Each structure stands twice: as structure tokens, then as C-alpha cells.
Amino acid sequence: MDRLREITHIDNVKLSDDGRSVVIIDQTKLPNQTEYLTLGTAKDLYDAIFELKVRGAPAIGICAAFGMYVLAQTIDTEDYDAFSRKFREYKDYLNSSRPTAVNLSWALNRMERVVAGHREQGVKWIIELLGRECRQIQQEDMEMCRAISEYGLSLIQDGDGILTHCNAGPLATSRYGTALGPLFLGKERGMNFRVFADETRPLLQGARLTSYELQKAGIDVTLICDNMASLVMKNGWVQACFVGCDRIAANGDTANKIGTSGVAILANYYHIPFYVLGPSSTVDLSCKTGADIQIELRSPDEIKKKFYQKPMALEEVACYNPAFDVTDHSLISGIVTEQGIFRAPYTESLKKLIG
Ligand code: MRU
């Protein structure tokens with residue numbers, strides 16, 4: 001059980017003891033090294049998010065919220081207008097680090113509302129409140145992940161095979177995770193699952209992080225290349241697919257790591273239920289459909305060079321490297337949130353969730 005707890009309760013993002021910096025596990029170093037980084041400047045924070053040292057939609061939001069508290073303490077003025085101007089500048093900068101996961105702007109907006117709502121109380125008091133707000137955001141995420149795990153667990157049986165894509169475990173959130181949460185919770189209760197983890201090209205979050213988390217926790221995990229999912233499903237080894245999410249549009253279309261929509265299409269073909277698990281903070285009703293979700297494009301080097309000793313394609317070969325794709329709502333069997341399992345028609349059910 002301790003081995004399990006070490007993973008489910010991992011301190012992936014936290015404030016330093018003096019509250020003047022954010023301490024993260026550098027996820028790019030896993031699974032070979034567990035290295036902590038201390039982030040004290042806006043550039044440190046931006047780079048850590050952009051370079052995926054901290055990643056996963058909820059974890060990015062939490063890191064940015066802690067970051068705004070840290071940066072607010074460095075703004076050297078008692079004047080409210082000057083303070084809020086500089087605060088906004090930092091907020092916009094961090095917000096531009098990654099565009100797809102709505103949790104980033106959601107958490108930053110929450111922090112900004114604290115500043116906007118306490119003009120009369122003065123800068124010192126606002127900083128105190130910002131400290132409380134970022135801790136609250138993390139606390140809420142822990143509670144949401146736990147509730148999502150409970151609801152997710154109700155969808156599967158002991159002994160089931162589960163396929164997952166990318167990483168939506170404790171490293172991507174705070175405690176338990178979303179898509180992996182039911183598996184950890186089930187394990188805690190003596191249940192056993194057989195998990196297939198897509199390696200998740202090009203950045204290998206499935207290989208580096210998901211298989212690491214599950215293996216360390218003593219859960220039966222088998223790593224597969226992304227193009228093997230179809231065969232594993234055809235073999236009858238998968239009873240459900242569980243994936244995380246970065247932004248859910250009002251109609252239920254869901255952005256998640258590139259390759260997720262392919263998994264959903266395969267699952268649909270083989271009549272395997274496909275579930276999206278995430279906190280209600282990932283729902284963005286301002287996006288009517290998935291077409292309104294901005295998809296992050298990343299460097300071709302991640303495809304051609306990253307993780308290889310030598311480039312795997314000629315320098316001049318063109319590359320298309322979208323970091324996310326959108327799964328059509330028609331392929332999603334249910335959206336599992338901290339408030340329950342939401343079903344189609346999503347336009348109706350998600351409105352109720354947010355309302
Ligand atoms: O690029 P990443 O690694 O940040 O992408 C992460 C994902 O796509 C996750 O599935 C998603 O953020 C949910 S994490 C609970």
C-alpha cells in the first residue's frame with residue numbers, strides 16, 4: 001500500500017517552504033531521474049510549462065496559480081494600479097505558454113479575480129489572499145480527482161482491461177489523477193486491472209510517465225506503441241478506454257493529447273466504451289464545438305530528433321506536429337467529472353454541470 005501511496009500522493013507541484021518559489025518534479029527527466037526544480041521568476045515558470053517540465057492540464061493550472069502568487073510577492077509597489085498592471089503582465093505572459101488546456105487560463109483568471117475584487121484592501125492583503133487562493137485551487141483539484149476516481153471506478157469491473165493514452169495520472173494533476181485515478185483507487189481496494197498504455201508519440205508521456213506511475217504502484221501495465229491499440233482491442237483485451245482532457249467544448253467535443261481521437265474511433269469500431277475523465281474546470285462553454293479549440297503546434301524537432309541519437313528524417317523534410325486533437329462527442333460514451341458521469345446529449349448535460 002505504501003508503494004501505491006508514494007505515487008498517488010506524489011508532490012509534483014508545490015510552493016517552497018518560504019512561499020517564494022514553486023517546486024516541481026521535472027517530468028522530462030522521468031522515469032530515469034527524480035529531479036526537483038525551483039522556479040522563482042516568470043521566465044522559469046514560462047519555460048517549465050512550455051518545455052513540459054510540468055504538464056497535464058490541471059498541473060499546469062496549479063503551477064501557474066502558485067507562480068502568480070510567487071511573482072506577486074516580487075512586485076515592488078504598494079500602489080494598487082501599478083501592482084495590478086504588473087500582475088496582468090505576468091498573467092498574460094504565463095497564459096501564452098500553452099494554448100490548448102483551458103485549466104491554465106482558468107486558474108490564472110481565478111488569481112486575477114482576487115486582485116480585481118480587493119482594490120480597497122491594499123496590496124499586502126491581496127498578496128495574502130493570493131496565497132490562499134492558489135492553495136485552494138490545489139486543494140480543490142485533489143478533491144475533484146478523488147471524486148472523478150470514484151465515479152470512474154463505478155464504470156469498470158475487477159479484472160477488466162483498460163486502455164489509456166498520454167498521461168492523466170497524479171503527475172498531471174494533484175493526487176490520483178483523472179483517467180488513471182479509478183485504477184489507483186481500485187488497486188487501493190484490492191481490485192486488479194490490466195492496463196494498456198499507449199506510448200504516445202512524439203513526447204512519450206505514456207511510456208515515460210503512465211507506465212512509470214502504474215508500474216511503481218504495482219498495477220499490471222503493458223506498454224504498447226500507439227499503432228498497436230487496434231490489435232489489442234481486436235484481441236478482446238480492452239473493456240474500456242479512459243483518457244484525460246485539456247478542453248471540453250459545449251457540445252462535448254474534447255481536446256486531448258494527439259492520437260486520442262484515433263483511439264476513440266478504434267474503440268467505436270470494436271464497440272468498446274470510451275470515457276473522458278476530467279474536472280469541471282476543463283469544460284469551456286465559450287467553445288461551442290471542438291472547432292473553436294486552439295490546437296498547439298510544436299516544433300518538428302520533437303518528431304525528427306527528440307529521443308534519438310541521430311535525426312530520423314532529413315533536415316529539409318516538412319513535419320506537422322499538433323500536440324492535441326479533438327475527439328468528436330459522438331464517439332464519447334461518457335464524460336466523468338467530480339459531479340458525476342455526464343452523457344449525451346452533452347449540450348444539455350454539460351450546461352447543467354456548469355450551471
Ligand atoms: O502535452 P501534455 O502532456 O500536457 O498533454 C496532456 C494531456 O493530453 C492529458 O491527457 C490532459 O492534460 C489531462 S491530464 C489530467
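Not measured: the values here are computed from a predicted model. Every number for a ligand or one of its atoms is a count from 1 in the order of the listing.
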Would you tabulate the polar-atom pairs, meaning N/O of ligand 1 against N/O of the protein, with distances under 3.5 Å, reported to 0.1 Å?
{"residue": "ligand 1", "atom": "1 (O)", "partner": "Arg98", "partner atom": "NH1", "Å": "3.3"}
{"residue": "ligand 1", "atom": "1 (O)", "partner": "Arg98", "partner atom": "NH2", "Å": "2.8"}
{"residue": "ligand 1", "atom": "1 (O)", "partner": "Lys257", "partner atom": "NZ", "Å": "2.8"}
{"residue": "ligand 1", "atom": "3 (O)", "partner": "Arg55", "partner atom": "NE", "Å": "2.4"}
{"residue": "ligand 1", "atom": "3 (O)", "partner": "Arg55", "partner atom": "NH2", "Å": "3.4"}
{"residue": "ligand 1", "atom": "3 (O)", "partner": "Gln205", "partner atom": "NE2", "Å": "2.9"}
{"residue": "ligand 1", "atom": "4 (O)", "partner": "Gly56", "partner atom": "N", "Å": "3.1"}
{"residue": "ligand 1", "atom": "4 (O)", "partner": "Arg98", "partner atom": "NH1", "Å": "2.8"}
{"residue": "ligand 1", "atom": "8 (O)", "partner": "Asp246", "partner atom": "OD1", "Å": "2.9"}
{"residue": "ligand 1", "atom": "8 (O)", "partner": "Asn256", "partner atom": "OD1", "Å": "3.1"}
{"residue": "ligand 1", "atom": "8 (O)", "partner": "Lys257", "partner atom": "N", "Å": "3.1"}
{"residue": "ligand 1", "atom": "10 (O)", "partner": "Asn256", "partner atom": "OD1", "Å": "2.6"}
{"residue": "ligand 1", "atom": "12 (O)", "partner": "Ala57", "partner atom": "N", "Å": "2.8"}
{"residue": "ligand 1", "atom": "12 (O)", "partner": "Asp246", "partner atom": "OD1", "Å": "3.2"}
{"residue": "ligand 1", "atom": "12 (O)", "partner": "Asp246", "partner atom": "OD2", "Å": "2.9"}

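Across all their heavy atoms, Asn167 and Gln205 have their closest contact at CB-O, 3.9 Å.
Taking hydrophobic clusters as Ile, Leu, Val, Met, Phe, Trp and Tyr residues chained together by side-chain heavy-atom distances below 4.5 Å, Ile10 shares a cluster with Leu180.
Contacts of Tyr176 classified as ring-ring contact (aromatic ring centres under 6.0 Å, His included), with partners at least two apart in sequence or in another chain: His9. By the salt bridge (Lys or Arg N to Asp or Glu O under 4.0 Å) test, Arg132 pairs with Glu128, sequence neighbours left out.
Annotation for Leu52: hydrophobic cluster partners, listed by chain and number, are Leu203, Leu204, Phe307 (ILVMFWY side-chain heavy atoms under 4.5 Å, direct or chained).
A donor-acceptor contact closer than 3.5 angstrom is absent between the side chains of Asp198 and Thr200.
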